[in-house]
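To keep things clear, I will list the structure first and then write my remarks on it.
So that the names make sense, note that chain A is the first sequence line, chain B the second, and so on, each numbered from 1. Note that these values count all heavy atoms, side chains included, but never hydrogens, waters or copies made by symmetry. Because the structure is predicted, anything quoted here is derived from the model rather than measured.
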Amino acid sequence: MRHFADSIAQALSALTGVAPSEIKIEEPRDRAMGDLAFPCFALAKALKKAPPAIASELAGQLGAKLTGITAVASGPYINFQVERALLARTVVGTIETRRAEYGRSDYGRGKTIVIDFSSPNIAKPMHVGHLRSTILGQALVNLHEALGYRTVGINHIGDWGSMFGGLVVAMKRWGGARVGADGKVVLDRAKELGIDIEGDPVRGLLEVYQRSKKVLDPEKPEHDPAFAAEARAAWIELESGKDGEIRALWRWVTEVSMRGFSRTYKRLGIRHDLVRGESFYEPFLAPTFARCEQAGITEISDGATIVALKAIDKGLAETPCLLKQRDGTTLYATRDLAALYHRWDEFHFERCLYVVGAEQKLHFRQLKAVLKRLGADFEPRVEHVDFGLLLGTGRTKLASRKGDVLVLDELLDEVVEETSRVVREKNPELAGQQQIAEQIGIGALVFNDLKRERIKDVVFEKAEVLSFEGETGPYVQYTHARMASILRKAAASGQGGATPDWAALADAAPVLIRLSQFPDVVRSAADHAEPSELAQALLALSRDLSTWYVGSRVLDQEPSVTAARLALVRSCKTVLANGLRLLGVAAPEEM
RNA sequence: GCGCCCGUAGCUCAGCUGGAUAGAGCAGUGGUUUUCUAAACCACCGGUCACAGGUUCGAGUCCUGUCGGGCGCGCCA
């Protein structure tokens, strides 16, 4: 469609003398008006004529300039319709040529994009709160990768902080943790703590972690000063970089945590290029702080080191950025600043996206303001890709029945289990039901999250996620599976070899237009860091396609008609599959 | 109190950089299967685009204000 819009703009430019880039060809809301339209208001001043007069005059002249496109004046608009056979041949031809590559481009070639996403904390299982960042981030990686960018997905795991001193001490004291002769970590009393070393140690670790936090807290009755002192010493040892037992235990916690995350990531199709926790940036903290001091932007306020931001951003007058606490230890902002400079030095990114919840908007606003004060010219390339909260029924915090945080794996299991039931019921003959249930269930969950604008809060209604009707992932998957089914039947009966009669696709114009928009949608979704644009486009395509194919039977028609319709079916299947893949949703051949 | 975000049909949401009678899904009502998977399709029902001003040839879209909801606001991340 872009191809046709360009030639129309060229023709209009030749007739009016206005630059082609200034001529905005748009798509009418109502398809009955045409495939494309040009509103003549903008030309009224330059040509000193009323828009309707311009429209009718230009429409007449355009006839000679355009081939295969008819122009009709309608009030102040010129409406264009592409000749149906030409439209079909062009769109289907392009997709048949490019196949899995359709939608991909070299738009971002030579540019690097860094995407920071998911970022769970160690010693805890991943919970539903990480879901949105994880799947949004992966979709953004996929989208940019398709556009030819070099993508660097970074998992900035929370693996650093004084609380880990407490955890290590707790493991030693209560669990008998030590480093064995072979250098491996052993926990003599793992069972008593409920830590399953071989299986999923994180579950048990979480309880130890929570218990240690109570013991460390002077406000709590469980408080133990000796324990606290030991924990502090352990943290100091960790920070010192000494590679002893303390560090080995901390490393073990990181490893087993990552092992658990990996399982979940695999199910969700998540892959990071780099796992760099907060600890990774530890050596860069001091230089980063020094950079700020040398730039002369730091101040001492109530004993803490801050950067005032009022001059950069009036809204931040009351909220300067804190770099160091009163006790001299650094904070979140210092770490992110260090990470940012490190990433800039390493990648010279075109964009650096932080896929982090909207509740941290202030933090990123502060961070960017500090960068400005530092004169960092890459500051505009740093973007906070914010998103709304994931909430439970009644806008409450999403939790499990017991009231504690809902573990992501449990949620996935639950969704897949329920999906299995539905699959058995809807398609009892289907082979490989378990795998397909996994694809549908997870697809439903992922799509449900990506289909709406990311800034909107998502109220997690299990019934809605599992309904599979209407605007859902399974609806798109189902449409795709049915196209696959038609193609299988065509192959089995040897149909589709005739020369296609493209004019027979006149009734599929809405579908063809959707197909033609796909590459633009991919680009826009990436540029706006908004996968929902793609999800919405796939829904619209599925809708128009469903309407078409129930009314226009593909198989057993005139051979030339069947050939044309089969080509369209193949194109639609291709686009649905490509689109779903970009969103991180599987596209099963059968369901 | 200050800052930011959201406010479109009963519910959940689309509506691209302002453009022609505001679109889907769910829920409700009524239909469609000897024919490519009924996880589908069709029809009907349903909206003062929170409210009030302003800019514009033209505002759901931009600006200002009001109201309602959410998030955040120095030693956590």
Criterion side chain to side chain contact (heavy atoms under 4.5 Å, CB included) against Gln557(A), the qualifying member of Val554(A), Val561(A), Leu555(A):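 Going through the options one by one, the only one that passes is Val561(A).
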Under 4.0 Å, counting only non-hydrogen atoms across every strand here, what does [X] touch: a base, just sugar-phosphate, or nothing?
X: Val554(A); value: base
X: Asn79(A); value: base
X: Arg553(A); value: base
X: Asp302(A); value: base
X: Phe41(A); value: base
X: Leu555(A); value: base
X: Met33(A); value: base
X: Lys314(A); value: nothing
X: Ala490(A); value: nothing
X: Ile440(A); value: base
X: Glu533(A); value: nothing
X: Pro51(A); value: nothing
X: Pro39(A); value: nothing
X: Asp520(A); value: nothing

Distance below 4.0 Å between [X] side-chain N/O and [N] OP1 or OP2:
X: Arg29(A); N: rA20(B); answer: yes
X: Arg335(A); N: rA77(B); answer: yes
X: Arg482(A); N: rA38(B); answer: yes
X: Gln325(A); N: rC76(B); answer: yes
X: Lys489(A); N: rU37(B); answer: yes
X: Lys361(A); N: rC73(B); answer: no
X: Tyr475(A); N: rC41(B); answer: yes
X: Lys426(A); N: rA39(B); answer: yes
X: Ser74(A); N: rA20(B); answer: no

Now, which nucleotide makes the Watson-Crick or G-U wobble pair with [N], with each of the two distances under 3.5 Å?
N: rU29(B); result: rA43(B)
N: rA9(B); result: none
N: rG18(B); result: none
N: rC71(B); result: rG3(B)
N: rU37(B); result: none
N: rC49(B); result: none
N: rG58(B); result: none

Shortest side-chain distance from [X], nucleotide among [options]:
X: Ser546(A); options: rG3(B), rC41(B), rC16(B); result: rC41(B)
X: Thr547(A); options: rC42(B), rA77(B), rG25(B); result: rC42(B)
X: Ala481(A); options: rA39(B), rU37(B), rC75(B); result: rU37(B)
X: Ile306(A); options: rG74(B), rC42(B), rG72(B); result: rG74(B)

[atom1] atoms of [N] and [M], separation to the nearest Å:
N: rG65(B); M: rG3(B); atom1: P; value: 10 Å
N: rU61(B); M: rU29(B); atom1: P; value: 36 Å
N: rG46(B); M: rU12(B); atom1: C1'; value: 15 Å
N: rC42(B); M: rA27(B); atom1: P; value: 15 Å
N: rG54(B); M: rA59(B); atom1: C1'; value: 11 Å
N: rU8(B); M: rG31(B); atom1: P; value: 34 Å
N: rC44(B); M: rU48(B); atom1: C1'; value: 23 Å
N: rG60(B); M: rA22(B); atom1: C1'; value: 8 Å

Give a yes or no on whether a salt bridge exists between Asp313(A) and Lys372(A), defined as a side-chain N under 4.0 angstrom from a carboxylate O.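 Answer for the salt bridge query: no.
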Between Lys49(A) and Glu57(A), does any side-chain N to carboxylate O distance fall below 4.0 Å?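 Looking at Glu57(A) together with Lys49(A), the answer is yes, because their closest N to O distance falls below 4.0 Å.
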Output, in order, the C-alpha distance, side-chain angles, deciding distance and verdict of salt bridge (Lys or Arg N to Asp or Glu O under 4.0 Å) for Arg132(A) and Asp386(A). CA-CA 10 Å; Arg132(A) 298 209 74 194; Asp386(A) 56 349; over 6 Å; no
Taking the six-membered ring of Tyr281(A), is NZ or CZ of Arg335(A) closer than 6.0 Å to its centre and within 45° of its axis?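 Output no; distance or angle outside limits.
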Ring of Tyr209(A), cation from Lys124(A) - is the NZ or CZ under 6.0 Å from the centre and inside 45° of the axis?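 Judged by the rule (NZ or CZ under 6.0 Å from the ring centre, within 45° of its axis), Lys124(A) is not positioned above Tyr209(A).
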To the nearest 0.5 Å, what is the distance between OG1 (Thr305(A)) and CD (Glu299(A))?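 Interatomic distance, Thr305(A) OG1 to Glu299(A) CD, rounded to 0.5 Å: 10.0 Å.
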Using only heavy-atom distances, determine whether the side chains of Asp556(A) and Gln495(A) contain a donor-acceptor pair under 3.5 Å.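 A pair is found: one side chain offers a donor N or O, the other an acceptor, under 3.5 Å apart.
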If the glycosidic angle sits within 90 degrees of zero it is syn, else anti. Tell me which applies to rG23(B).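 Anti conformation for rG23(B).
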Take atom CG of Asp457(A) and atom P of rG69(B), then tell me their distance rounded to the nearest Å.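 In whole Å, rG69(B) P lies 15 Å from Asp457(A) CG.
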Among Trp250(A), Phe164(A), Trp160(A), exactly one meets ring-ring contact (aromatic ring centres under 6.0 Å, His included) together with Trp235(A). Which residue is that?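 Of the listed residues Trp250(A), Phe164(A), Trp160(A), the ring-ring contact (aromatic ring centres under 6.0 Å, His included) partner of Trp235(A) is Trp160(A).
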